[in-house]
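Remarks on the structure that follows.
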Amino acid sequence: MQHKKSKRYYALEMFPYPSGSALHMGHFFNFAPADTHARFKKMCGYDVFHPMGFDAFGLPAENHALKTDTHPHDNTLVNMEKFRAQLDELGGMYDWDYTLTSCFPEYYKWTQWLFLELFNAGLAYQKESQVNWCNSCATVIANEQVVSGECERCSTSIIKKPMKQWFFKITEFAEELLEGLDRIDWPERTKSAQRNWIGKSEGAEVTFTGMEGPDITVFTTRIDTLGGATFIALAPEHPLIKDDPSPSVRKYIAKSLEKTELERQENKEKTGVKTDWLVVQNPMTGEQIPIFVADYVLMGYGTGAVMGVPAHDECDFEFAKKYNLEIRKVIKTDEDKDCITEDGILINSGKYDGLASAQAREKMTSDLGKSRITYRLRDWSVSRQRYWGAPIPIIHCDKCGAIPAEIPVILPYLKDFKPKGAPPLANDKEFLNATCPKCKGDAHRDVETLDTFVCSSWYFLRYPYANRDDVPFEKSVQPVDVYVGGAEHSVMHLLYARFVVKALYKMGHIGFDEPFKRMIHQGMILAPDGQKMAKSKGNTVSPDGYIKEFGSDVVRLYMLFGFNYVDGGPWSDGALRSTAKFIDRVKRVFDNKSDTKPSPEIEHIRATTIKAVREDLDSFSFNTAVARCMEFVNALMAEKQVPAEAVIDLIKLLAPMIPVTAEKLLPGVHDMPFPVANEKFLTKAEAEIVVQVNSKITDRITIPTNATQEQVEKLAGVTGAQKVIYIAGKLINFLVWPLPPIVGKSKEKSEGRPSEK
RNA sequence: GGGUUUGUGGCGGAAUGGCAGACGCGCUGGUCUUAGGAACCAGUGAGCAAUCGUGGAGGUUCGAGUCCUCUCAAACCCACCA
């Protein structure tokens, strides 16, 4: 019975975060169905690798420890044990020999290795910049972790703060990150979210010649509106005005920089101040236009300077109105009645007069500017001023600068890890003081820790080598075949992981450049009232009680059957009981089996069920897979004698879905091959098809499956058709044209509509 | 404002352009039970009917829940991005 193990199949779920409580319904809905898929693949003969670990570093664990006056290390160990027990209870088929825990030195040594590899390749660098600071978390957070101006974790308003920070150069991979999306089997919405986040836009740089001051280069996607540029606006952070002597300018800059991200966003009214000495010349019209400093211009995008074209840009329009600047139209828009192209035609623009905007852009870019592509993506800030994370493996030496430390740099077990202005590790003198590896002089360690997303950006490479202490992984490591996890990671974890893999690929450490070939996001289980489950609402439902009451198979099967996996939906006790009922029926039909030969009907449904279940389990369409099995059971129960061989196939089909029950009924089932449909029985000898005349159903007839179209036409008994459409096994449609009094839909409509109107 | 996705019975949800509502919940009736439950059997989109029905309006097609255009609604992502 043992089949040949062949192709390796790497099935992975996002590893859980062992914070405060136990695994919740969301975890179960992620893990149980994904486990069904992995078990199915195993029975199909794949050498399935299905590991599980713990994403143990991070803020929630640390904050929880602070609140409860415990230590995150101790809590994590306790929680992990609880998680592990729950995962076993769930009946998960995991390769526990290859587990990993991101807060253990055996793991984070290699996270530090990754950091140093990026550092040595110039992809990790330090820079002083305006960073996102969360006062409540007392740490810097990455762009991706700022959600509409607030901290993703605690919803505190984010402020900007100048700070020297470590960054990963994810922007260098913007184009690759974009391009790779076309090659992977991921949900469209996730790809779209990433494209959105990367935010590529193609445009041009145009330089305005300075008359009294320096030249100013702006970025624009609409160079065709250049003739309508009546002012220039610079971001408050722009280097050209950094040392501007004008008091009003200095005051304005200082005020803008104080504002938080959120305040800037909320303050929709444009403000700005005109500079005294800068006047620049429009390269197209030759005229001189004023320069403003305005905080609606972002330093981080384009060149930090924009040309103000009030007639064709909403923001510029608002600004121009407020400061009484000229509004000059240079493009015909939809409102202009005589507009003939979709794209607009250039007017009043000298030698470009009359060109469509797209053409004009191309021509003007080569004449007056330089084409340039910009991205919204920012480099990933990875320093955290907190305790519970992997220490940044860098030693700072006054003479030699930032020097790689010997790894692992062990995170000390601090009794007091409360953030008090400085990062907690700074208080540990033993940790802080170090010797420079280069000059052997006095130096100090970097006291910040790495963003947890660094830990999770590469863990899937580590699993197969979890027990190796000489290497993080080897070049022969394989990408994940199917990755299952929440859609909330669309732009953080999933983007970071892709970046890290691309970087490692470029450095020659691995042989692929996309980590997850296929991505599935499970939906969300809602409370029975259709609301999101929340402790504050008191509507949470916990899986543990149900498992205790009904057994894990019932809960698992309900998760498979009760929802479309990708959509999720509200929890229902009633529907859960129905799956318990179904398992009882399966047991009963199994007990009633006898050594009879299956009837042709049973052979047929057996074959079609096997085929359908195979397809459904492969495509994560669990609900229909269960439905097919239910039909199969119904058919078997209707038999006087239940043929054993068919029932055994049923148990094999169900084994990935109800592993405990299946193993009990058929010991060793999980090592047996998944049933293969007998082609012979897939089609019946006879089939019922629909007869249509002029696309209306007039009859249903039974025909031999192998009948030719001529034979079917004869059997249908319709004559005089001008055209016949025959879909084998489905329908035959006789078009008797022109239409007799009983008319088709279109005629009816054209007659009926005018009189109704 | 830009992008993506989703709109199907009382409910969860099925339908490679080919019989809409598979499968299940719930409900109704029945069998069996002292009774309740369980189990089993039958029915269950709407309408007395002809027929009508997949958010709405058009279109393509012999044929549209499915493809195209517009529109409405919801969810998510991005958003003074030049």
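Side-chain atoms are counted along with the backbone in the values below, which use heavy atoms only and exclude waters and symmetry mates. Numbers restart at 1 for each chain; the letters A, B, ... are given by sequence-line order, proteins then strands.
Across B:A22, B:C78, B:G24, the shortest atom-to-atom separation from the side chain of A:Ala627 is found for B:A22. Candidate nucleotides B:C78, B:C62, B:G24 were compared by shortest atom distance to the side chain of A:Asn196, and B:C78 ranks first.
Using atom P as the reference point in both B:A64 and B:G55, the two lie 15 Å apart (nearest Å). Remark: the separation of the C1' atoms in B:A38 and B:C67 is 49 Å, to the nearest Å.
B:A75 is paired with B:U4 under the criterion used here, namely a Watson-Crick or G-U wobble arrangement in which both key atom distances are under 3.5 Å. Pair check for B:A39 finds B:U31; Watson-Crick or G-U wobble, both atom distances under 3.5 Å. The nucleotide B:U60 finds no pairing partner, because no Watson-Crick or G-U wobble arrangement with both distances shorter than 3.5 Å includes it.
Rounded to a whole Å, the CG atom of A:Asn623 is 10 Å from the C1' atom of B:G24. Rounded to whole Å, atom P of B:C62 lies 21 Å from atom OH of A:Tyr726. Taking atom CG of residue A:Asn592 and atom C1' of nucleotide B:A39, one finds them 13 Å apart after rounding to whole Å.
Within 3.5 Å, no donor on the side chain of A:Lys723 pairs with an acceptor on the base of B:C62, nor the reverse.
Ring planes of A:Tyr323 and A:Phe319: tilted class, angle from 30 to 60°.
The residue from A:Thr275, A:Ile241, A:Asp295 that alone fulfils the side chain to side chain contact (heavy atoms under 4.5 Å, CB included) condition with A:Tyr252 is A:Asp295.
A:Gln692 comes within 4.0 angstrom of a nucleotide base, judged by non-hydrogen atoms across all strands.
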